[in-house]
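Worksheet: the structure to be examined is printed underneath.
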There are 2 protein chains.
Amino acid sequence: MTGTVKLSDQQYAIMQVLWDNGSASAKQVQIELADEGWAHTTIGTVLSRLEKKDILASETVGRERKYRPLIQEGDVKRSMVSNLVSALFKGDSKQLLAHLLKEGEIDKNDLKDIGDLLDKDK
Amino acid sequence: MTGTVKLSDQQYAIMQVLWDNGSASAKQVQIELADEGWAHTTIGTVLSRLEKKDILASETVGRERKYRPLIQEGDVKRSMVSNLVSALFKGDSKQLLAHLLKEGEIDKNDLKDIGDLLDKDK
DNA sequence: TGACATCTACTACATATGTAGTAGAGTTAT
DNA sequence: ATAACTCTACTACATATGTAGTAGATGTCA
């Protein structure tokens, strides 16, 4: 069981860098997330905390300390989306879909496109 | 601007009772959320905090203190879904839709049903 | 090798949240 | 009226998070 993982936006953004790269140094994270304007020490703190919670592991490779995710992005997504659906849509994903349509986040064509993709992949 | 509202699961559950009823007393909330097993004082604390943040208002009506939401459920949903899509799906709602399909949360028939509904409503 | 640059670990502090006890005001039943 | 009950306000405390400074370890360049 992967259990329920829930990350803050900040934590997710940082994990995203690790996922995208397989693993990364604090420096790399800092560079890729430069837009956010977080102090490098802030990134370091968040990384340590995630390590303490076994969400990632770190090891020194040569002179670099590499941070490596211990959980899969897909698992976290599943867990977080599922959590949102439970909390906001009474556990009914179709209501989320309906919401997306109603808010114009997606439209009928998107539905159709994805339906077509499914047919093809099958 | 409604700004960005983000509620914890617990806060959302409590607001949900207010939204469903227009407004409600702490007692009512407590009863409707009995399953959660929260102490009534816990509900009270959460209600006060939400009031302090102008997410709800309270007024004494007769001998009852009624709590009334100051923000709409739709706005909170929009805001929270949008936040999730930004954080997890690079802001692309279609990716969320794809995720739901991939995880089997919804299937092709759901897509079709909703598409039909849209046609009808139009 | 000594001054400087890097990087991580540790410390610090404010806010948010989960959780609930206690006190005090008001209500009610006998 | 007085004891019992109800309800909210206040207090309390632990954990999580956002944010970042400082110190100490290590690496690098002149």
Side-chain angles (χ1 to χ4, degrees), chain A residues 3-18 23-68 71 76 79-80 83-84 86-87, chain B residues 3-18 23-68 71 76 79-80 83-84 86-87:
Chain A
T4 301
V5 192
K6 217 174 161 183
L7 302 178
S8 70
D9 292 349
Q10 189 193 40
Q11 292 169 338
Y12 198 95
I14 288 175
M15 287 302 291
Q16 184 83 67
V17 177
L18 305 195
S23 74
S25 66
K27 182 87 186 166
Q28 243 176 301
V29 174
Q30 191 203 155
I31 290 170
E32 290 195 34
L33 299 180
D35 292 357
E36 305 286 351
W38 293 321
H40 58 292
T41 51
T42 298
I43 310 241
T45 300
V46 176
L47 285 170
S48 308
R49 287 176 182 169
L50 290 174
E51 181 165 21
K52 193 172 301 164
K53 296 203 290 177
D54 292 314
I55 291 190
L56 58 80
S58 69
E59 53 243 320
T60 306
V61 181
R63 78 205 70 256
E64 274 214 315
R65 189 154 197 81
K66 290 281 224 172
Y67 295 86
R68 177 174 47 85
I71 54 179
V76 177
S79 165
M80 288 180 68
N83 190 75
L84 184 94
S86 297
Chain B
T4 301
V5 191
K6 217 175 162 182
L7 302 178
S8 70
D9 293 349
Q10 188 193 41
Q11 291 169 338
Y12 198 96
I14 288 174
M15 287 301 291
Q16 184 82 69
V17 176
L18 305 195
S23 73
S25 66
K27 182 87 185 165
Q28 242 176 301
V29 174
Q30 190 203 156
I31 291 170
E32 289 194 35
L33 298 181
D35 293 356
E36 304 286 352
W38 293 322
H40 59 290
T41 50
T42 299
I43 309 242
T45 300
V46 176
L47 285 169
S48 306
R49 287 177 181 168
L50 289 174
E51 181 165 21
K52 192 172 303 165
K53 295 202 294 175
D54 291 316
I55 292 191
L56 58 81
S58 68
E59 52 243 322
T60 305
V61 181
R63 77 204 70 254
E64 281 222 296
R65 189 152 197 83
K66 290 282 225 172
Y67 295 86
R68 178 172 47 86
I71 54 180
V76 177
S79 165
M80 288 180 69
N83 190 75
L84 184 94
S86 298

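To find a chain, count down the sequence lines: A is the first, B the second, and so on, and within it residues start at 1.
Base engagement by Thr45(A) is indicated by at least one non-hydrogen atom pair under 4.0 Å involving a base atom.
You'll find the side chain of Ile31(B) reaches within 4.5 Å of the side chain of Lys27(B), heavy atoms only. Looking at heavy atoms from C-beta onward, Lys66(B) lies in side-chain contact with Gln28(B) at the 4.5 angstrom threshold. A heavy-atom distance below 4.5 Å is not found between the side chains of Met15(A) and Val76(A).
Following rounding to the nearest Å, Gln30(B) (CD) and dC7(D) (C1') show an atom-to-atom distance of 10 Å. If you measure from atom OH of Tyr12(A) to atom P of dG18(D), you get 15 Å, rounded to the nearest angstrom. Between the P atom of dT26(D) and the NZ atom of Lys27(A) lies a distance of 20 Å, rounded to the nearest Å. As a whole-Å value, the separation of Ile43(B) CD1 from dC10(D) C1' is 18 Å.
Between the side chain of Ser48(B) and the base of dA9(D), no donor-acceptor pair of N or O atoms lies under 3.5 Å.
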Identify the pairs formed between an N or O of the protein and an N or O of nucleotides 22-24 of chain C at a distance under 3.5 Å, and give each distance.
none

Contacts under 3.5 Å, N or O only, protein and nucleotides 14-17 of chain D:
unit_1  : atom_1 : unit_2   : atom_2 : d
dT17(D) : OP2    : Gln11(A) : NE2    : 3.3
dT17(D) : OP2    : Lys53(A) : NZ     : 2.7

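For Thr41(B), there are no side-chain hydrogen bond (donor to acceptor under 3.5 Å, both in side chains) partners, not counting sequence neighbours.
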Exercise for review: Please step through side-chain contact (heavy atoms from CB on, under 4.5 Å) for the pair Ile55(A) and Leu7(A), ending with a clear verdict.
Suggested key: CA-CA 10 Å; Ile55(A) 291 190; Leu7(A) 302 178; 3.7 Å; yes
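One N or O on the side chain of Ser79(A) and one on the backbone of Val5(A) form a donor-acceptor pair closer than 3.5 Å.
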